[in-house]
Amino acid sequence: MNIMQELLSIDWLVLATLCAATAAAAVWWLTPNPKPKGFEQDLLQGDGQSDAVFLFDDTTLIGWSSGARRFIGEQAENFSWANLRDQLARSYPGLPQSPGFLKDVGPLVLSGTANAESREALCEWIDGVTRVQLRSSNTQEQNHSIDQELTTLRSAVHQAPYPVWLQSDDGAVTWSNLAYDDLSQKIRGRNVDFSEPLFTDLDDPMASGKPERISIPLPDSKKKLWYNISTTETESGWLCHAVDVNAVVDAEIAQRNFVQTLAKTFAQLSIGLAIFDRNRQLVLFNPVLIDLTALPANFLSSRPNMMTFFDRLRDQRMMPEPKNYSSWRHQMADLLEAASEGRYQETWSLPSGSVYSVSGRPHPDGAIAFLFEDITAEITLTRQFRSELEMGQSIMDQMDDAIAVFANDGSMTFSNAAYHELWQMDPDASFAKVTIMDSSRVWQNMCAATPAWGEIRDFVAGGDGRTPWWANVQLRNGTPLVCKVSAIQNGATMVSFRSPEPAPAPADQQRFAIAKQNK
């Protein structure tokens, strides 16, 4: 029994010892190894005194060298990996977005661009710390980078789609790219001397500060090729670039022809045209404007502004005279606002007796167009026609017969004063049109029953080929009337009412009988 107890005690002791050893090993395994003293200082050491070294724990800056101070400035506490990348990404293409990328791919050596002053960036991950060192690149790598960049530049210039060439001070072409060579062979043939300049009309580069437009005639053709030539002075001579502007020249020619076509069209118009640009200067006018406004051509050709234009019209008494100059200025401001919105439309009665219709219309890009039309003949004809109508109405009003005229659609177009008095109605006082149905209803209400009203309605709607007729009607007060219905021009119908003629006296009847027997 004692032996068994001792064995059990030994087993429990061994088991406890093994558990303690396992726990200690786990704690040692999970606890990161402490970095030796001076670890960060060793990492901050660079290859030279001017090297800039940055230490990051994940994205947080934990150390930097004296050479890195110019990148960090006074923002060391807030400086992160994103700030460093914003400053170095342009000079060192390929800088990782996050430091964790270096743990997977290993150290990176990034060659700097021309802005990096022949330096390179070494990025590496060392025991959880990301180290970035900006250092001078070695001569071999630097020369390789320069050769690579030079090869790229040569290829870019040589394969450029526009002609590029180098011209010496004496005018000889010392170098040219493929586009220039192709253009030379296209113009001069296959066996061409490339040293002889193609653009012979080029001015002295010393005197030209802006691109110069030059044309080259195509062989066996009237067509020309147009280029904008720009020159830059270099140590080897004058570097020249030619940009193809044939599309621009064609567009300018098309625009010029279009403007000329418009000008010829405007010259044939009977309406005066004046177009002001967004700066309110006169940019286009036609000859009729000179005839209508009596403004001299040299004045219009000087591109006056809008206020000067209308001031001159006022001086020439070619627009209504304002009461005073202050109100004139306000009127012009209102005119400009209305024209810019397309609302300006007025009739000018001039002191000379002429009448002009003036309208303002907005145009693209803030321009405004004014149209001047002489409507004196139309106004005179309208006034004469209105006068004749008023005279005709006055004559009809003097007649004793009550007259009404109905159009072929049944609407009343004319009535005289006797009609208004007889039937106690004035069609001119009504906003709505008075029709034959409305009129016959009034007649029927004021007269004894008769089938004449329905026959009149049928006659008005009957059209052409209608025979005049008359009928006796009687008002409700016993007054007899003779209603006569006649067709007139354009399908209209005239309806007249008059009192019946009185019967002849007995003496008149006897004289009438004797005259009849004598016949």
Pair listing, side chain to side chain donor-acceptor pair (under 3.5 Å) test, anchored in residues 78-87, at least two apart = Ser80-Asn83

request  = Please state whether the rings of Trp423 and Trp443 are parallel, tilted or perpendicular, taking 30° and 60° as the class boundaries.
outcome  = tilted

ask   = How long is the gap from CD1 on Ile403 to CE on Met494, to the nearest 0.5 Å?
value = 5.5 Å

request  = Report the C-alpha separation of Phe276 and Leu284 in whole Å, then their side-chain angles, then the decisive distance to 0.1 Å, and conclude whether the side-chain contact (heavy atoms from CB on, under 4.5 Å) test is met.
outcome  = CA-CA 7 Å; Phe276 296 85; Leu284 183 64; over 6 Å; no

request  = Taking all heavy atoms of Asn286 and all of Ile271, pick out the closest pair and write down the distance.
outcome  = ND2-O, 2.9 Å

Contacts of type side chain to side chain donor-acceptor pair (under 3.5 Å), residue Gln185, not counting sequence neighbours = Arg190

Ring center gap for Phe370 and Phe310 short of 6.0 angstrom = yes

query = Is there a side-chain contact between Pro427 and His420 (heavy atoms, below 4.5 Å)?
reply = yes

query = Step by step, would you call Arg441 with Asp438 a salt bridge (charged side-chain N to carboxylate O under 4.0 Å, His left out)?
reply = CA-CA 5 Å; Arg441 191 176 296 114; Asp438 301 328; 3.4 Å; yes

ask   = So how far is it from Gln474 CD to Thr479 OG1, rounded to the nearest 0.5 Å?
value = 8.0 Å

message = Going by the rule side chain to side chain contact (heavy atoms under 4.5 Å, CB included), which residues pair with Ser359 if we only count those two or more places apart in sequence or in a different chain?
response = Gln345, Arg361, Leu371

ask   = Step by step, would you call Val173 with Phe199 a side-chain contact (heavy atoms from CB on, under 4.5 Å)?
value = CA-CA 11 Å; Val173 177; Phe199 298 90; over 6 Å; no

Indicate every side-chain donor-acceptor pair of residues 289-298 with a distance under 3.5 Å to a residue at least two apart or in another chain.
residue: Thr293; atom: OG1; partner: Leu289; partner atom: O; Å: 2.5
residue: Thr293; atom: OG1; partner: Leu295; partner atom: N; Å: 3.4

remark   = For Cys240 and Thr231 the tightest heavy-atom approach is SG-CG2, 3.6 Å

Contacts under 3.5 angstrom, residues 248-263 side chains, donor-acceptor by atom type, not counting sequence neighbours:
residue: Glu252; atom: OE1; partner: Arg213; partner atom: NH1; Å: 3.0
residue: Asn257; atom: ND2; partner: Ile253; partner atom: O; Å: 3.3
residue: Thr261; atom: OG1; partner: Asn257; partner atom: O; Å: 2.8

query = If you round to the nearest 0.5 Å, how far is NE2 of His241 from CG of Asn177?
reply = 8.5 Å

Atom CG of Asn191 with >12 non-hydrogen neighbours under 6.0 angstrom = no

request  = Take Phe299 and Phe309, measure what ring pair (Phe, Tyr, Trp, His ring centres under 6.0 Å) needs, and give me the verdict at the end.
outcome  = CA-CA 9 Å; Phe299 169 74; Phe309 175 81; 7.1 Å; no

task = For atom CH2 of Trp469, decide whether the heavy atoms of other residues, nucleotides or ligands shown that lie under 6.0 angstrom number more than 12.
result = yes

task = Answer whether the closest heavy-atom distance between the side chains of Arg303 and Val283 falls below 4.5 Å.
result = yes

ask   = What pairs meet the side chain to side chain donor-acceptor pair (under 3.5 Å) rule with one or both residues in residues 382-393, with sequence neighbours excluded?
value = Gln393-Asp397

message = Using every non-hydrogen atom in the two residues, find where Phe497 and Leu422 come nearest and quote the distance to one decimal.
response = CB-CD2, 3.8 Å

request  = Indicate whether the side chain of Trp453 and that of Glu455 have a donor and an acceptor atom separated by less than 3.5 Å.
outcome  = no

ask   = With side chains defined as the heavy atoms from C-beta onward, is the minimum distance between Thr493 and Val405 less than 4.5 Å?
value = no

key: Neighbour count above 12 (heavy atom, 6.0 Å) for Arg278 CZ   = no

query = How many angstroms lie between atom NE2 of His363 and atom CG of Asp277, to the nearest 0.5 angstrom?
reply = 12.5 Å

key: Ser415 OG to Met412 CE distance, which is reported to the nearest 0.5 Å   = 5.5 Å

request  = Ignoring hydrogens and angles, state whether a donor on the side chain of Glu421 or Tyr419 is under 3.5 Å from an acceptor on the partner side chain.
outcome  = no

task = Quick one: closest heavy-atom pair of Ala160 and Ala179, and the distance?
result = O-CB, 3.6 Å

request  = Verify whether one side chain among Ser486 and Arg466 offers a donor that lies under 3.5 Å from an acceptor in the other.
outcome  = no

query = How are the rings of Trp348 and Phe372 set relative to one another: parallel (under 30°), tilted (30 to 60°) or perpendicular (over 60°)?
reply = perpendicular

ask   = If you round to the nearest 0.5 Å, how far is OG of Ser176 from CG of Leu198?
value = 10.0 Å

